[in-house]
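Okay, structure first, notes after.
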Amino acid sequence: MSTKPELKNDLLLRALLREPVETTPIWVMRQAGRYLPEYRATRQKAGDFLTLCKTPELACEVTLQPLERFPLDAAILFSDILTIPDAMGLGLYFTEGEGPKFKNTIRSEADLKKIGIPDPEDDLGYVMDAVRLIRQELGGKVPLIGFSGSPWTLATYMVEGGSAKVFANTKSMMFDRPDLMHQLLDKLSQSVASYLNAQIAAGAQSVMIFDTWGGSLNTQNYREFSLQYMKKIVSQLTRENDGRKVPVVIFTKGGAQWLEDIADSGCDAVGLDWTIELKDARARIGDRVALQGNMDPCVLYASPERIKQEVAHILKSFGHGNGHVFNLGHGIHPTINPEHTGALVEAVHDLSKQYHTK
């Protein structure tokens with residue numbers, strides 16, 4: 001029998017499993033981030049971003065900060081998608097204003113042979129320690145979401161050596177040396193499955209795969225080099241822990257055209273960006289999976305009244321019934337006024353009641 005405290009607010013888990021809820025749950029991608037002054041203070045205390053990620057007590061502190069400010073329905077682990085390539089020995093570092101970079105890249109068979117599959121409790125133990133600590137500190141208040149980058153998205157950073165716009169090196173490998181790309185993606189899919197299962201064992205109650213750069217591919221390449229590997233991961237995940245189901249969400253930014261394919265991947269929910277209406281997404285996939293999304297983060301630059309109008313539109317677009325988690329279509333921007341995030345959360349809780357029968 002579990003000794004962990006009972007979950008007081010399980011709206012997120014119920015919504016992801018398309019079970020009845022009283023209000024539409026909301027959490028926000030990058031809800032623990034630079035738009036919060038308390039986050040900036042903790043980051044300054046840490047000295048740099050990687051130290052913040054790799055110190056469980058500080059990662060726990062910033063994970064909980066948005067929950068102390070807003071009545072959100074979930075916490076999401078504070079970490080970075082590039083922890084796995086870093087644990088593979090690529091030497092992750094951050095340059096101010098330029099984003100993540102790697103000291104080493106993967107562009108040949110020799111490079112590929114140097115990397116193994118990280119042991120999540122050994123090579124990435126700081127993440128698991130953070131998960132355990134956050135679960136303990138949450139005290140059953142709301143569920144904790146764990147996450148990872150998708151194999152394709154991780155591969156783009158590993159091949160390019162950092163962020164990219166056209167993915168010249170990555171796509172060159174994909175088109176010229178698909179065998180090499182598949183070997184890399186296979187290693188990454190094994191690593192991600194192991195990593196997410198360790199997060200679940202440590203206490204994550206739902207997990208999400210961020211396929212940030214899947215939308216850079218055409219349909220054929222998306223299915224072969226991105227979705228195929230996410231399906232492999234989903235098939236290996238622990239789907240029940242601590243007496244509850246563990247919902248899995250897949251989010252491909254720019255992936256609305258492949259909605260049916262993603263819905264058939266074995267996941268419980270599909271994350272959507274703002275380029276598709278929820279009513280159209282729901283019409284296309286029916287009740288196969290839940291939907292998460294999908295407000296444009298830039299709406300949060302507008303007035304609280306305008307934010308409320310947009311919330312009303314999105315809730316109406318999904319309509320009555322279960323299976324919707326309200327979120328942004330991507331991460332919150334660092335220059336957003338926190339009070340506007342508060343207005344968003346309040347509007348979702350207030351306006352969504354009418355769409356759920358008691």
Side-chain angles (χ1 to χ4, degrees), residues 2 4 7 10 12-19 27 29 74-77 79-85 87-88 116-125 127-128 130-132 134-135 143-155 184-212 214 222-223 225-252 255 258-259 261-271 285 288-292 323 325 327:
S2 171
K4 288 175 181 167
L7 195 53
D10 65 352
L12 174 88
L13 303 182
R14 283 191 277 148
L16 289 174
L17 296 169
R18 305 185 314 286
E19 294 171 0
W27 68 276
M29 286 189 260
I76 181 164
L77 164 69
S79 187
D80 193 86
I81 63 168
L82 299 178
T83 50
I84 288 176
M88 289 174 159
I117 293 158
D119 181 302
E121 281 290 356
D122 183 8
D123 306 311
L124 290 157
V127 177
M128 306 314 144
V131 171
R132 283 185 278 265
I134 295 161
R135 267 302 296 274
L144 174 61
I145 303 166
F147 72 92
S148 172
S150 71
W152 169 257
T153 292
L154 297 180
L184 173 57
L185 293 168
D186 191 57
K187 273 192 180 182
L188 284 168
S189 66
Q190 291 178 60
S191 301
V192 170
S194 163
Y195 182 54
L196 289 177
N197 278 336
Q199 288 184 37
I200 293 165
Q205 291 146 294
S206 174
V207 291
M208 184 160 166
I209 300 170
F210 284 91
D211 187 32
T212 312
Y222 175 73
R223 288 173 178 155
F225 293 97
S226 184
L227 186 60
Q228 177 191 176
Y229 290 97
M230 291 194 287
K231 281 183 178 177
K232 280 186 181 178
I233 292 162
V234 171
S235 72
Q236 296 173 62
L237 291 181
T238 304
R239 301 301 278 271
E240 194 167 319
N241 189 45
D242 223 22
R244 290 196 79 123
K245 289 183 178 175
V246 181
V248 179
V249 184
I250 289 180
F251 172 60
T252 294
W258 308 306
L259 179 56
D261 290 338
I262 302 169
D264 289 338
S265 67
C267 67
D268 297 289
V270 178
I285 58 122
R288 270 183 277 175
V289 293
L291 297 173
Q292 179 174 277
V325 172
N327 208 316

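- Taking the charged nitrogens against the carboxylate oxygens, D10 and R244 do have a contact shorter than 4.0 Å, which makes a salt bridge.
- For the pair I209/L196, a side-chain contact is recorded, criterion being any heavy-atom separation below 4.5 Å from C-beta on.
- Checked by atom type and distance alone, the side chain of N197 pairs as donor or acceptor with a backbone atom of T238 at under 3.5 Å.
- In this structure, K232 places its NZ atom where more than 12 heavy-atom neighbours from other residues, nucleotides or ligands lie under 6.0 Å away.
- Note that CE of M29 is 10.0 Å distant from CD1 of I145, once rounded to the nearest 0.5 Å.
- Remark: M88 CE to K187 NZ distance equals 7.0 Å, nearest 0.5 Å.
- Shown here for L227 and S265, the closest heavy-atom pair between the two residues is CD1-CB, 4.2 Å.
- Residues L16 and S206 share a closest heavy-atom pair of CD1-OG, 3.5 Å.
- Note that CG of L124 is 8.5 Å distant from OG of S194, once rounded to the nearest 0.5 Å.
- For the atom pair CD of Q205 and CG of D242, the computed distance is 7.5 Å after rounding to the nearest 0.5 Å.
- Side chain of R288 to backbone of A263: no donor-acceptor contact under 3.5 angstrom is found.
- Shortest non-hydrogen contact noted between A290 and A15 is CB-O, 3.5 Å.
- In terms of heavy atoms, L188 sits closest to A155 at CD1-N, 3.8 Å.
- A heavy-atom distance below 4.5 Å is found between the side chains of L291 and I285.
- Looking at Q199, its side chain does come within 3.5 Å of a backbone N or O of F147 through a donor-acceptor pair.
- Looking at L237 and V246, their side chains never come closer than 4.5 Å, going by heavy atoms from C-beta outward.
- How far CE of M230 is from OH of Y222: 3.5 Å, rounded to the nearest 0.5 Å.
- Judged purely by atom type and a 3.5 angstrom limit, S226 has no side-chain atom pairing as donor or acceptor with the backbone of W152.
- Contact of the Q292 side chain with the F251 side chain is not registered, since no non-hydrogen atoms from C-beta on lie closer than 4.5 Å.
- Side-chain contact check for M128 versus Y195: some heavy-atom pair is nearer than 4.5 Å.
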| L7/L13 under side-chain contact (heavy atoms from CB on, under 4.5 Å): CA gap, chis, key distance, verdict | CA-CA 10 Å; L7 195 53; L13 303 182; 3.6 Å; yes
| task | Please test V249 against D268 for side-chain contact (heavy atoms from CB on, under 4.5 Å), starting from the C-alpha separation and ending with a verdict. | result | CA-CA 6 Å; V249 184; D268 297 289; over 6 Å; no
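- Nearest heavy atoms, V234 versus C267: CG1-N, 3.9 Å.
- Scanning all heavy atoms of the two residues, the minimum distance from A74 to L12 falls at CB-CD2, 3.9 Å.
- The CG atom of D211 lies 13.5 Å from the OH atom of Y229; values are rounded to the nearest 0.5 Å.
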